[in-house]
Amino acid sequence: MMIEQIKSLASSFAEETVGIRRHLHQNPELSFQEYNTSAFVKERLDELLIPYTAMADTGVVALIQGDLPSDKVIALRADMDALPIMEVEGRSYGSQNPGVMHACGHDVHTSSLLGVAKILQHLKSQFGGTVKLIFQPGEERLPGGASLMIKEGVLQNPAPDAIIGQHVMPLIESGKVGFRAGKYMASCDELFLTVRGKGGHGAQPHQNIDPIAITAQVITAMQQIVSRYADPRIPSVLSWGKIIGNGATNVIPDEVKLDGTFRTFDEAWRAEAHEKMTKMVVGIVEGMGATCDFKIDKGYPFLVNEPQTTNAARTHAEAYLGKDNVVELDLWPAAEDFAYYSQETNACFYRLGTGNKARGITSAVHTPTFDIDETALETSIGLMSYIALKSLEG
């Protein structure tokens, strides 16, 4: 039976996969700088006799061709980059690159896909079709490695019928996974505003054009974008996370800088919101006598899980893990550049449980204390292999 065979292989390769994950965790590299990681992936693929090509500088794309006749193609994706975060001390496998850490689990994704590669290579004689393995750079940084790889043809030659990706989720216990069909993750835009007024003594505001007071008006008014202009059926978030006004208790500064983010789940509304934000900001600032520069850096689109692909993957997960170990996901307003793939082809992006409350492994991603229950790796490599092979059958 395929499930038992894959589970046996996953168990056999679990310790090796943990070792690969720890090696990658100790040697993290920032977005688009994954040169050693890329070389390591290529070495492992060479050992497995799996052919590959380089793409987007540090990206790697490998092909596993089953021995049975079929023109079906399934793509599997893992990202490889780390974050500029200083990891907590005391871990035997902690980062050896100070200030850089695999705090989002991409070491898990990459080691898992290498584990999947080994399982599928062992099963080549039992399946037909092609599995395309995508080791992608730069998920954490605009414009996103996915967009670059798509431009260079990663979804061509051969074109996949569907693409499957997974991401660690510390809120879900190890041994479980989560799925959501349809819209899942938000688009993400970065907002940069500079308000320029006229600084001076705080006791003489009538002689100045106060950029702090004007910026306060902008912050308050901009919430109207979400509360009054957005369709309540379309989730939207507008948050400001950074404000700099270098005055003093009695000094009004010349300018204020404001950085924020806008996220939503609808591309038409996203474009409309950009226009409304620009008009509102410029109108308020100029109406109060100041000038401004307002820039919107358009980031990743929203991520949509194609229903048929996702529901099929969920069914395979239930068969492999049992229904009690497959949970329904909520909308997630974070962003992921896997969204670019989901805008181009049938896609399923699911969550791999990596938490363990009993052992205190609960820290969120993008934090210095993030870690995983490494038993999740055996689940990861087995389940993704099973989903890939069942998808080729379908």
Quiz item: For residues Thr130 and Gln65, is any side-chain donor paired with an opposing acceptor at under 3.5 Å?
Solution: yes
Self-check item: hydrophobic_cluster_shared for Tyr35 and Phe40, side chain cutoff 4.5 Å
Solution: no
Exercise. Verify salt bridge (charged side-chain N to carboxylate O under 4.0 Å, His left out) between Glu47 and Arg44, making sure each step is shown before the conclusion.
Key: CA-CA 5 Å; Glu47 293 172 3; Arg44 305 298 298 202; 3.7 Å; yes
Practice problem: Would you please indicate yes or no on a ring centroid separation below 6.0 angstrom for Tyr386 and Tyr320? | Solution: yes
Quiz prompt | Hydrophobic cluster of Tyr300, others only, ordered by chain and residue number, side-chain cut-off 4.5 Å | solution = Met55, Val61, Ile134, Leu142, Met149, Ile150, Val154, Leu155, Ile163, Met169, Leu171, Ile172, Tyr184, Met185, Leu303, Val327, Leu329, Trp332, Phe338, Tyr340, Tyr341, Phe349
Quiz item: Quick one: do the Glu29 and Thr37 side chains pair a donor with an acceptor below 3.5 Å?
Solution: yes
Practice problem: Might you work through the side chain to side chain contact (heavy atoms under 4.5 Å, CB included) test for Ile50 and Leu63, ending with a clear yes or no? | Solution: CA-CA 7 Å; Ile50 297 174; Leu63 295 176; over 6 Å; no
Practice problem: Go through the side-chain N and O atoms of Gln33 and Thr58 and say whether any donor and acceptor fall under 3.5 Å apart. | Solution: no
Quiz item: Can a salt bridge be assigned to the pair Glu16 and Lys118 using a cut-off of 4.0 Å between side-chain N and carboxylate O?
Solution: yes
Self-check item: salt_bridge(Lys295, Asp293) N-O dist < 4.0 Å
Solution: no
Quiz item: Any donor-acceptor pair under 3.5 Å linking the side chain of Asn346 with the backbone of Asp161?
Solution: yes
Quiz prompt | Beyond-backbone contact of Ser111 with Leu377, side-chain heavy atoms, under 4.5 angstrom | solution = yes
Quiz prompt | Thr194 side chain to Arg196 side chain, donor-acceptor N/O pair below 3.5 angstrom | solution = no
Quiz item: After noting the C-alpha distance and the side-chain angles of Tyr52 and Asp46, does the key distance pass the side-chain hydrogen bond (donor to acceptor under 3.5 Å, both in side chains) rule?
Solution: CA-CA 9 Å; Tyr52 58 82; Asp46 283 335; 3.2 Å; yes
Quiz item: With a distance cut-off below 6.0 Å to the six-membered ring centre and an angular limit of 45° from the axis, does Lys257 pair with Phe192 as a cation-pi contact?
Solution: no
Self-check item: Donor-acceptor under 3.5 Å (Ser147 side chain, Pro143 main chain)
Solution: yes
Quiz item: Does any non-hydrogen side-chain atom of Val41 lie less than 4.5 Å from one of Met80?
Solution: yes
Quiz item: Does His122 have its ring centroid less than 6.0 Å away from the ring centroid of Phe13?
Solution: yes
Quiz item: Angle class for the Phe294/Trp240 ring planes (parallel below 30°, perpendicular above 60°, tilted otherwise)?
Solution: tilted
Practice problem: Find out whether Ser342 and Glu306 are in side-chain contact, i.e. whether some heavy atom of one side chain is under 4.5 Å from a heavy atom of the other. | Solution: no
Quiz item: Should Asp81 and Arg141 count as an ion pair when the cut-off is N to O under 4.0 Å?
Solution: no
Practice problem: Take Met384 and Leu76 through the test side chain to side chain contact (heavy atoms under 4.5 Å, CB included) and record every step on the way to the result. | Solution: CA-CA 8 Å; Met384 183 169 264; Leu76 307 176; 4.0 Å; yes
Quiz item: Side-chain contact, heavy-atom cut-off 4.5 Å: Ile243 with Val256?
Solution: yes
Self-check item: Linked, directly or transitively: Phe262 and Phe265 (ILVMFWY side chains, under 4.5 Å)
Solution: no
Self-check item: Pairwise side-chain contact, Ser38 with Phe135, heavy-atom cut-off 4.5 Å (strictly under)
Solution: no
Return a table of donor-acceptor pairs under 3.5 angstrom between the side chains of residues 209-222 and protein atoms on other chains or two or more places apart.
residue	atom	partner	partner atom	Å
Asp210	OD1	Ile212	N	2.9
Asp210	OD1	Ala213	N	3.3
Thr215	OG1	Pro211	O	2.6
Thr220	OG1	Ala216	O	3.2

Exercise. Look at the side chain of Ser11 and the backbone N and O of Ser8, then say whether any donor-acceptor pair between them is shorter than 3.5 Å.
Key: no
Quiz item: Under 3.5 Å, is there a donor-acceptor pair linking the side chains of Gln136 and Asp337?
Solution: yes
Quiz item: Around atom CD of Gln126, are there more than 12 heavy atoms of other residues, nucleotides or ligands at under 6.0 Å?
Solution: yes
Practice problem: Answer yes if the side chains of Glu87 and His25 hold a donor-acceptor pair under 3.5 Å, and no otherwise. | Solution: yes
Quiz item: Would Leu45 and Leu114 count as a side chain to side chain contact (heavy atoms under 4.5 Å, CB included) if you check the C-alpha gap in whole Å, the side-chain angles of each, and the deciding distance to 0.1 Å?
Solution: CA-CA 8 Å; Leu45 293 172; Leu114 287 171; 4.3 Å; yes
Quiz item: Just wondering, more than 12 heavy atoms not from Lys183 lying within 6.0 Å of its NZ?
Solution: yes
Quiz item: Is the closest basic N to carboxylate O distance between Glu328 and Arg314 below 4.0 Å?
Solution: yes
Quiz item: With the 4.5 Å side-chain cut-off for hydrophobic clustering, are Leu48 and Ile74 part of the same group?
Solution: yes
Exercise. Could you go through the side chain to side chain contact (heavy atoms under 4.5 Å, CB included) check for Val177 and Arg351 one step at a time?
Key: CA-CA 5 Å; Val177 293; Arg351 292 285 174 170; over 6 Å; no
Quiz item: Above 12 or not: heavy atoms from other molecules or residues under 6.0 Å from CD of Glu89?
Solution: no
Quiz prompt | Intermediate values then yes/no, side-chain hydrogen bond (donor to acceptor under 3.5 Å, both in side chains), Glu267 and Ser187 | solution = CA-CA 8 Å; Glu267 290 301 307; Ser187 61; 4.6 Å; no
Quiz prompt | Side chains of Pro170 and Ile361 in contact at under 4.5 Å (non-hydrogen atoms) | solution = no
Self-check item: Any donor-acceptor pair under 3.5 Å from Ser391 side chain to Ile387 backbone
Solution: yes
Quiz item: Does a donor on one side chain sit under 3.5 Å from an acceptor on the other, for Ser95 and Asn97?
Solution: no
Self-check item: Any Asp79 side-chain heavy atom under 4.5 Å of Thr110 side chain
Solution: no
Quiz item: Is Val73 reachable from Phe127 through a run of hydrophobic residues whose side-chain heavy atoms are each under 4.5 Å from the next?
Solution: no
Quiz item: Taking the side chain from Asp189 and the backbone from Gly299, do they hold a donor-acceptor pair closer than 3.5 Å?
Solution: yes
Quiz item: Does Ser227 reach the main-chain N or O of Gln223 with its side chain, forming a donor-acceptor pair under 3.5 Å?
Solution: yes
Quiz item: Thr310: what forms a side-chain hydrogen bond (donor to acceptor under 3.5 Å, both in side chains) with it, not counting sequence neighbours?
Solution: none
Quiz item: Would you say Val100 and Leu83 make side-chain contact, with heavy atoms under 4.5 Å?
Solution: no
Exercise. Would you sort out whether Arg270 and Glu272 count as a salt bridge (charged side-chain N to carboxylate O under 4.0 Å, His left out), showing the intermediate values?
Key: CA-CA 5 Å; Arg270 182 188 188 188; Glu272 182 183 350; over 6 Å; no
Quiz item: Under a 4.0 Å N-O cut-off, is there an ion pair linking Arg22 with Glu374?
Solution: yes
Quiz item: Would Gln26 and Tyr93 count as having a side-chain donor-acceptor pair, cut-off 3.5 Å?
Solution: no
Exercise. Please determine, by modelled atom types, if Thr375 and Ser174 share a side-chain donor-acceptor pair under 3.5 angstrom.
Key: yes
Exercise. Using the rule that two of Ile, Leu, Val, Met, Phe, Trp, Tyr join whenever any of their side-chain heavy atoms come within less than 4.5 Å, decide whether Leu238 and Tyr229 are in one cluster.
Key: yes
Practice problem: Please indicate whether Asn250 has more than 12 foreign heavy atoms, meaning atoms of other residues, nucleotides or ligands, lying under 6.0 Å from its CG. | Solution: yes
Quiz item: Charged N to carboxylate O under 4.0 angstrom, Asp371 versus Arg21?
Solution: yes
